[in-house]
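Have a look at the structure that comes next, please.
Computation of the quantities below employed the complete heavy-atom set of this structure, encompassing side-chain atoms and omitting hydrogens, waters and symmetry-equivalent molecules. Everything numeric in this text was worked out from a predicted model, so none of it was measured.
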Amino acid sequence: MERCNARTMEMFRRMGIAERVRAAGLPAHCPMDVFIVTSLVEPPLLRLPYPSVAEARKEIAACTDGSLPLEPYQLISQYTLEPLLKSVAEELPSVSVRYGHELLAFTQDAESVTAQVRHDGKVETVRAKYLVGCDGGSSLVRKTLGIKLHGDADILRLRQALYHCDDLYERIPIGKGRHYHVADNQHTFLIVQDSTKHFTLHAVVEKDSDMAAQFEKTVAMPVKYEMLYVGEWKQNLLLAERYGEGRVFLAGDAVHLVIPTGGLGMNSGAGDAVDLGWKLAATLAGWGGPNLLKSYEIERRQVGERNVAASRFASLGRRKWRAEWRPNIRDNTPEGAAVRANLARVADIEQRKSNEMIGAELGYRYVGSPLIWPEPGEGPPHDFIKYVPTTWPGARLPHVWLADGSAMQDRLGPGYTLIRLGGAEADAAPLARAFRNYGAPFAVLDVPDENARDVYGHDLILVRPDLHIVWRGNAPPAEPEKLAALATGH
């Protein structure tokens, strides 16, 4: 993983850590271009330009129609991001971070989960109200629950290597970018990491040591480097049949394994964590009803299913242009030129499927959730590529700038918010009273701005803590008690 997508960065902003993530990641001025090449020193077959974070922020600042996210993406390596998030968790007085502890087994009853944990050779017993297995593709928690993965496994095996090379980035003569796909028969793919001094290379080779020669072949110029790590990985497109059982839940790679095309793996896991996190917090605080935790699988599994499909869509696109490779692709002949031109033509269509999936990132909505007020009709279609802002219940609240220069998302508190738009004077007291009866946090935000009303299309929008829309209308809800009960899981 090396890219937090726009939705994940919006989540980090809401947590108050977006700028810390950016400070640790790829500098804002660095281009995010994607190249198809034969090597780093020969003219590229194709260059797909994508804005740097600085450029993307300018585009967002000028956008008034809700079609862009509040935050652009951020390239940050997994080995950089995980320690940063660990340090954030350690700052929370309610959190105890215990690395070096190994889960051995667990059982659950109607009131709690009891786990056996090994630390420093000793086995300890830990009892908690809930357990969440974020333990990856080989999840012990998932296997203990007897939950199976379904889909396509072991599609392709590649090796990944990590290199340190101080001067390669500055010396690349064909242009700066983040991805360099090599047009060969080995699926070779070079990725610039956040420091611009580390690089990962993926390729199909016979043994670990071959990755040194593969790096040198791709770079194609003398550089001093160190190969720090080599490991094999498998491409999978798998989804768990369930996202938990009883008081035990699963999230991240434990329930969905995707090919990194489109960057939907870790980012899907971040969405799982936010969804489950606020629902667990509400339940532990006493105001969350029984449907709150039940809704986690309903909401997030459908996103996992769509993202596995999106990853397949992008991966097939990449395979399609790679299938145009021929052994004479580098020949200085009319035939070689024709092969290069044909591969570039196909890649100009198919590679975009991996890099332009803003629809999958921002456009997902929770269909059939017990926490979302139903509206008649099918709702807007899901589209991997295109994002059309909508306030259809279940969707993410689109980003809009307000007249004072602030962002709508930044004006929303940690609980439920009823947004009154365009000078609407609807009586919010009955709904506020209904939420108060459950002890749930609720606020009213008055936004007179005409542009926000135009984008959202309604006078009233009820938003929940994760910025997904519960209900919308042009008059106060006819059944405020019922709406509050539904929203809080009662």
Exercise. Please step through side-chain hydrogen bond (donor to acceptor under 3.5 Å, both in side chains) for the pair Thr8 and Asn267, ending with a clear verdict.
Key: CA-CA 6 Å; Thr8 298; Asn267 291 292; 2.7 Å; yes

Quiz item: Would you say Arg319 has more than 12 foreign heavy atoms packed within less than 6.0 Å of its CZ?
Solution: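 Count over threshold, so yes.
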
Self-check item: salt_bridge(Glu361, Arg3) N-O dist < 4.0 Å
Solution: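 A salt bridge links Glu361 with Arg3.
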
Exercise. Check whether any side-chain heavy atom of Ile174 lies under 4.5 Å from a side-chain heavy atom of Val41, and answer yes or no.
Key: no

Practice problem: Could you walk me through whether Tyr50 and Arg178 pass side-chain hydrogen bond (donor to acceptor under 3.5 Å, both in side chains), step by step? | Solution: CA-CA 10 Å; Tyr50 295 103; Arg178 68 183 181 105; over 6 Å; no

Quiz item: How about Glu378: does its CD atom have over 12 heavy atoms from other parts shown lying under 6.0 Å from it?
Solution: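 It does not: Glu378 CD has 12 such atoms or fewer within range.
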
Quiz item: Under 3.5 Å, is there a donor-acceptor pair between the Thr200 and Gln160 side chains?
Solution: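 Short answer, no.
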
Quiz prompt | Between Arg301 and Tyr296: side-chain donor-acceptor atoms closer than 3.5 Å | solution = no

Quiz item: If you measure only the distance, is there a donor-acceptor pair under 3.5 Å linking the side chains of Asn185 and Trp325?
Solution: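 No, no side-chain donor-acceptor pair sits under 3.5 Å.
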
Quiz item: Does any donor atom in the side chain of Ser268 or Asn307 lie under 3.5 Å from an acceptor atom in the other side chain?
Solution: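 Yes, because at least one side-chain N or O of Ser268 sits under 3.5 Å from a partner of the opposite role on Asn307.
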
Quiz item: Under 6.0 Å between the ring centres of Phe199 and Tyr163?
Solution: no

Quiz item: Tyr180 side chain to Gly177 main-chain N or O, any donor-acceptor pair under 3.5 Å?
Solution: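 Side chain of Tyr180 to backbone of Gly177, a donor-acceptor pair under 3.5 Å: yes, one is there.
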
Practice problem: Say whether, by atom type as modelled, one donor and one acceptor occur between the side chain of Thr188 and the main chain of Ala203 under 3.5 angstrom. | Solution: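 No, because the side chain of Thr188 does not come within donor-acceptor range (under 3.5 Å) of the backbone of Ala203.
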
Quiz prompt | Straight-line distance of Asp65 CG to Trp401 CH2, nearest 0.5 Å | solution = 13.5 Å

Self-check item: Approximate separation, where rounding is to 0.5 Å, of Ile469 CD1 and Ile372 CD1
Solution: 8.5 Å

Quiz item: Of all heavy-atom pairs between Ala24 and Thr80, which one has the smallest distance, and what is that distance?
Solution: O-CG2, 3.6 Å

Quiz item: Would you say the side chains of Arg352 and Asn355 form a donor-acceptor pair under 3.5 Å?
Solution: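 There is no such pair (donor and acceptor under 3.5 Å, judged by atom type) between the side chains of Arg352 and Asn355.
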
Self-check item: Ring centers of His468, Tyr364 separated by less than 6.0 Å
Solution: yes

Quiz item: Counting only heavy atoms not in Lys176, do more than 12 sit closer than 6.0 Å to its NZ atom?
Solution: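 Atom NZ in Lys176 is packed in, count exceeds 12.
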
Quiz item: How many angstroms lie between CZ in Arg396 and CE in Met11, if you round to the nearest 0.5 Å?
Solution: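 Rounded to the nearest 0.5 Å, the CZ-CE separation comes to 9.5 Å.
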
Quiz prompt | Note, Gln235 side chain near Leu158 side chain (heavy atom, < 4.5 Å) | solution = yes

Quiz item: When you check the gap from the basic side-chain N to the acidic O, do Glu82 and Lys86 get nearer than 4.0 Å?
Solution: no

Quiz item: Do Arg22 and Gln74 meet the criterion of a side-chain donor-acceptor pair at a distance under 3.5 Å?
Solution: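 Yes, because at least one side-chain N or O of Arg22 sits under 3.5 Å from a partner of the opposite role on Gln74.
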
Quiz item: Is Glu299 salt-bridged to Lys294, cutoff N-O under 4.0 Å?
Solution: no

Exercise. Just do the salt bridge (Lys or Arg N to Asp or Glu O under 4.0 Å) check on Asp166 and Lys224 with the steps written out, would you?
Key: CA-CA 8 Å; Asp166 280 330; Lys224 184 178 180 180; over 6 Å; no

Quiz prompt | Any side-chain donor near an acceptor of the partner, His150 and Glu241, under 3.5 Å | solution = yes

Quiz item: Side chains of Gln108 and Thr114: is there a donor and an acceptor less than 3.5 Å apart?
Solution: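 No, Thr114 and Gln108 have no side-chain donor paired with an acceptor closer than 3.5 Å.
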
Practice problem: For Glu206, look at atom CD and say whether over 12 heavy atoms of other residues, nucleotides or ligands are found less than 6.0 Å away. | Solution: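 Result for CD/Glu206: open.
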
Quiz item: Residues two or more places apart in sequence or in another chain: which of them pass side chain to side chain donor-acceptor pair (under 3.5 Å) with Arg142?
Solution: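 Applying side chain to side chain donor-acceptor pair (under 3.5 Å) to Arg142 gives none.
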
Quiz item: Can a donor-acceptor pair be found between the side chains of Ser77 and Glu2 at a distance below 3.5 Å?
Solution: no

Self-check item: Gln302 side chain vs Val367 backbone, donor-acceptor pair below 3.5 Å
Solution: yes

Practice problem: Working to the nearest 0.5 Å, report the span between CD1 of Ile76 and CG of Leu26. | Solution: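 Nearest 0.5 Å value for the CD1-CG distance: 10.0 Å.
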
Quiz prompt | Stepwise ring-ring contact (aromatic ring centres under 6.0 Å, His included) test for His179 and Phe189 | solution = CA-CA 7 Å; His179 288 174; Phe189 176 23; 4.9 Å; yes

Practice problem: Would you mind reporting whether Leu75 and Val192 have side-chain heavy atoms less than 4.5 Å apart? | Solution: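 Result no, sub-4.5 Å side-chain heavy-atom pair not found.
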
Exercise. Drop me the distance from Ser295's OG to Asp275's CG, to the nearest 0.5 angstrom.
Key: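 Output value for this atom pair is 6.0 Å.
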
Quiz item: Between Glu91 and Arg20, does at least one N-O distance fall below 4.0 Å, as a salt bridge requires?
Solution: yes

Self-check item: Heavy-atom check, side chain of Ser39 versus side chain of Thr218, under 4.5 Å
Solution: no

Exercise. Show your reasoning for whether salt bridge (Lys or Arg N to Asp or Glu O under 4.0 Å) applies to Asp210 and Lys207.
Key: CA-CA 6 Å; Asp210 292 340; Lys207 55 186 184 297; 3.1 Å; yes

Exercise. Compute whether any side-chain donor of one residue and acceptor of the other, for Ser139 and Asp135, lie under 3.5 angstrom apart.
Key: yes

Quiz item: Given Lys279 and Asp466, is the salt bridge (Lys or Arg N to Asp or Glu O under 4.0 Å) satisfied, shown in steps?
Solution: CA-CA 10 Å; Lys279 293 170 181 176; Asp466 61 353; 5.9 Å; no

Exercise. Measure from NZ or CZ of Lys353 to the centre of the six-membered ring of Phe313, then state whether that distance is under 6.0 Å and the direction lies within 45° of the axis.
Key: yes

Exercise. Would you mind reporting whether Asp272 and His256 have side-chain heavy atoms less than 4.5 Å apart?
Key: yes

Quiz item: Any side-chain heavy atom of Leu131 within less than 4.5 Å of one from Arg247?
Solution: no

Quiz item: Are any of the side-chain heavy atoms of Arg326 and Glu335 separated by less than 4.5 Å?
Solution: no

Exercise. Would you mind reporting whether Tyr169 and Ser195 have side-chain heavy atoms less than 4.5 Å apart?
Key: no

Exercise. Supply the atom-to-atom distance Arg57 CZ to Glu55 CD, rounded to the nearest 0.5 angstrom.
Key: 13.0 Å

Exercise. List the steps, then state whether salt bridge (Lys or Arg N to Asp or Glu O under 4.0 Å) holds for Asp410 with Arg14.
Key: CA-CA 7 Å; Asp410 291 342; Arg14 193 148 170 82; over 6 Å; no

Self-check item: Close aromatic pair by centroid cut-off 6.0 Å: Phe215 and Tyr225
Solution: yes

Self-check item: Short N-O contact, Glu71 and Arg7, less than 4.0 angstrom
Solution: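 No, no charged N to carboxylate O under 4.0 Å.
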
Self-check item: Pairing of Asp120 and Lys122 as salt bridge, 4.0 angstrom limit
Solution: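 Looking at Lys122 together with Asp120, the answer is no, because their closest N to O distance does not fall below 4.0 Å.
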
Practice problem: Anything under 30° is parallel, anything over 60° is perpendicular, the rest tilted; go ahead and classify His202 against Trp233. | Solution: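 Judged by the thresholds at 30° and 60°, the geometry between His202 and Trp233 is perpendicular.
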
Quiz item: Would you find more than 12 non-hydrogen atoms of other residues, nucleotides or ligands less than 6.0 Å from Asp154 atom CG?
Solution: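 Atom CG in Asp154 is packed in, count exceeds 12.
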
